[in-house]
Protein chains: 2
Amino acid sequence: MSTTQGARARARIEVTAAIKDEARRQLAAEGAAKLSLRAVARELGMVSSALYRYFPSRDDLLTALIIDAYDSVGESAETAHAKVADASPLRRWTSVCEAVRGWALAHPHEYALIYGSPVPGYVAPETTVPSAARVALILIGVVQDAHQAGALTEPPLPAGLRPEADRMIADFAGGLPPGSAVALVAAIAETFGLVSFELFGQFRRVVEDREPFFRHAVRRLALGVGLADV
Amino acid sequence: MSTTQGARARARIEVTAAIKDEARRQLAAEGAAKLSLRAVARELGMVSSALYRYFPSRDDLLTALIIDAYDSVGESAETAHAKVADASPLRRWTSVCEAVRGWALAHPHEYALIYGSPVPGYVAPETTVPSAARVALILIGVVQDAHQAGALTEPPLPAGLRPEADRMIADFAGGLPPGSAVALVAAIAETFGLVSFELFGQFRRVVEDREPFFRHAVRRLALGVGLADV
DNA sequence: CCAATGCAAGAGCGGTGCTCTCTTTTTTGT
DNA sequence: ACAAAAAAGAGAGCACCGCTCTTGCATTGG
């Protein structure tokens with residue numbers, strides 16, 4: 001059925017992919033703001049209105065690219081993590097963070113698309129959530145493993161944040177001590193702060209030797225979450 | 001001279017201010033991407049081409065808004081800091097960070113303009129640097145004060161980062177121990193990571209009770225820089 | 001007073017996202 | 001097998017955008 005579902009269905013898949021590829025090319029070259037449906041259509045030898053048969057609006061095309069970008073960085077992180085799966089939690093954590101930074105430097109416009117300013121009236125549809133969570137899920141898993149191996153020190157947690165921590169644990173950080181759950185979420189946001197500052201030019205004339213600086217900062221964040229120093 | 005410099009010069013200043021005000025209004029309402037020279041001109045009752053007598057391009061108008069935004073958040077931070085000038089360094093640090101977050105929540109589009117994705121081919125001109133540095137300078141000052149008061153513990157620093165740290169100290173962190181200088185810069189970027197994640201929607205369904213979460217995270221970052229826990 | 005300058009206005013260029021209509025092609029149901 | 005229905009492409013057109021150029025008018029400084 002699905003194999004020989006007619007030339008039309010197959011063509012649709014191919015054209016959709018071609019549109020996304022060309023759009024991704026333009027995104028990587030010029031950034032999201034300069035991505036133009038007309039230019040994509042032009043490059044593909046079709047007329048601009050034909051493109052609306054595949055993506056109902058520019059925003060929908062952008063959403064597709066956003067999901068792809070999340071998956072791309074997520075896959076980079078997963079690959080990097082797999083390569084050090086047997087190492088210490090600390091080592092696994094830093095490897096994942098460095099993979100994220102490496103991906104960001106290699107795909108700056110895609111990084112800006114997903115971790116920079118959201119486009120004007122745009123709210124990410126629910127479909128992006130699973131892809132968006134991939135990097136975080138790896139880091140959560142690392143901390144969970146460390147906890148089960150007895151290699152996790154729980155950071156202090158003010159009493160007022162206890163309900164929030166319990167909710168986090170129930171929602172996505174099962175098994176972790178409350179203080180670790182909160183520290184973990186904060187450390188993830190803080191790590192992306194380091195990447196964003198570097199990528200968005202805030203480190204100009206401030207941090208020059210950026211790779212070792214990032215390694216050091218990420219390592220300290222991981223220690224702050226309570227990962228054992230090995 | 002400057003007082004009675006003719007009606008023309010005065011009019012120019014007023015019109016320039018009116019343009020910036022209306023542009024800021026549109027920026028706050030719809031975001032940078034939807035800021036349109038034509039709409040600004042329309043609202044001011046002039047024709048769009050007339051606007052080019054005041055700002056040579058849309059990017060130049062945006063640059064003016066960027067500088068204003070940096071000054072605005074810088075002033076918020078400075079005001080907040082002045083209110084607790086006699087408190088402990090830790091308290092001063094967290095007050096400044098909370099002021100930044102408060103300003104960001106009140107001016108999301110302006111925050112996105114300066115700390116989000118840079119606009120496409122745009123590189124911030126040197127004129128933005130002094131305004132951009134204001135928040136960081138306050139935090140650096142806090143740590144310097146703590147150091148001079150003997151209330152600063154130097155975080156560890158790998159030998160490889162020592163040259164970088166010395167450069168930072170020479171450039172903008174005079175008097176600080178090397179480990180503190182590096183930790184300080186990282187903590188600033190990490191703090192903005194927390195703000196950006198919240199503002200850009202990355203905390204949806206992840207952090208609900210955001211104000212106390214931020215307070216806690218920022219406090220832990222400050223302790224990580226070595227500020228004494230008082 | 002008069003020439004030089006500053007400024008507003010208007011027309012216009014090439015670009016954008018998006019809609020609508022029309023034609024052709026493929027799929028589907030009887 | 002054939003007609004009806006659905007899908008796809010093409011083209012024209014709308015309203016907007018940033019930006020440029022020319023044309024008149026007002027202000028200014030020598």
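Chain letters run A, B, ... following the sequence lines, proteins first, then strands; residues in each count from 1. None of these values were measured; they are calculated from a predicted model. Heavy-atom basis, side chains included; hydrogens, waters and symmetry copies ignored.
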To the nearest Å, how far apart are K34(A) NZ and dG17(C) P?
-> 13 Å
Distance-only donor-acceptor test (3.5 Å): side chain R8(A), base dA7(D) = yes
Residue whose closest nucleotide on DNA chain D lies nearer the 5' end, R42(B) versus G45(A) | G45(A)
With a 4.0 Å cut-off on heavy atoms, is S48(A) in touch with a base, just the backbone sugar-phosphate, or nothing at all?
-> base
Between C1' of dC18(C) and CG of L61(A), the distance in whole Å | 14 Å
Within this structure, what is the CD-to-C1' distance between E14(A) and dA7(D), rounded to whole angstrom?
-> 17 Å
Map A39(A) and P56(A) onto DNA chain C by nearest heavy atom, then report which one ends up closer to the 5' terminus.
-> A39(A)
The side chain of V47(B) lies closest to which of these nucleotides: dG18(D), dC7(C), dA9(C)?
-> dA9(C)
Any luck finding a side-chain donor-acceptor pair between T63(B) and D60(B) under 3.5 Å?
-> no
Using a cut-off of 4.0 Å on non-hydrogen atoms, how would the nucleic acid contact of F55(A) be classed: base, sugar-phosphate, or nothing?
-> nothing
For R53(A) and L35(A), take the nucleotide of DNA chain C holding the closest heavy atom to each; which residue's nucleotide lies nearer the 5' end?
-> L35(A)
Would the F197(B) and F192(A) ring centres measure less than 6.0 Å apart?
-> yes
Are any of Y54(B)'s side-chain N or O atoms less than 4.0 Å away from OP1 or OP2 of dA8(C)?
-> yes
OP1 or OP2 of dC7(C) under 4.0 Å from side-chain N/O of R12(B) = yes
How close or far is atom P of dA10(D) from atom CG of L44(A), stated in whole angstroms?
-> 11 Å
Of the nucleotides dC17(D), dC18(C), dA8(D), which has the atom closest to the S36(B) side chain?
-> dC17(D)
Name the nucleic acid region contacted by L51(B), choosing base, sugar-phosphate or nothing; use a 4.0 angstrom heavy-atom cut-off, strictly under.
-> nothing
Closest to the side chain of M46(A), out of dA10(D), dG18(D), dC18(C), is dA10(D)
Given atom CD of E30(A) and atom P of dG15(C), what is their separation to the nearest angstrom?
-> 14 Å
Out of dG17(C), dC19(D), dG9(D), whichever nucleotide has its closest atom nearest the side chain of L37(B) | dC19(D)
Nearest atoms (heavy-atom pairs only) where A183(A) meets R220(B) = CB-NH2, 3.8 Å
Nucleotide dG17(C), atom P - distance to CG of L62(A) in whole Å = 11 Å
Closest to the R38(B) side chain: dG10(C), dA10(D), dG18(D)?
-> dG18(D)
Side chain of S49(B) (C-beta onward), nearest among dG13(D), dA11(C), dG9(D) | dA11(C)
Do other residues, nucleotides or ligands put more than 12 heavy atoms under 6.0 Å from R210(A) CZ?
-> yes
Just wondering, are more than 12 heavy atoms of other shown residues or ligands nearer than 6.0 Å to CZ in R134(A)?
-> yes
Rounded to whole Å, the CG-P distance (D59(A) to dG17(C)) equals 11 Å
Taking atom types as modelled, find out whether S57(A) and Y52(A) have a side-chain donor-acceptor pair closer than 3.5 angstrom.
-> no
Return the value, rounded to whole Å, for the distance between atom OH of Y52(A) and atom C1' of dC18(C).
-> 4 Å
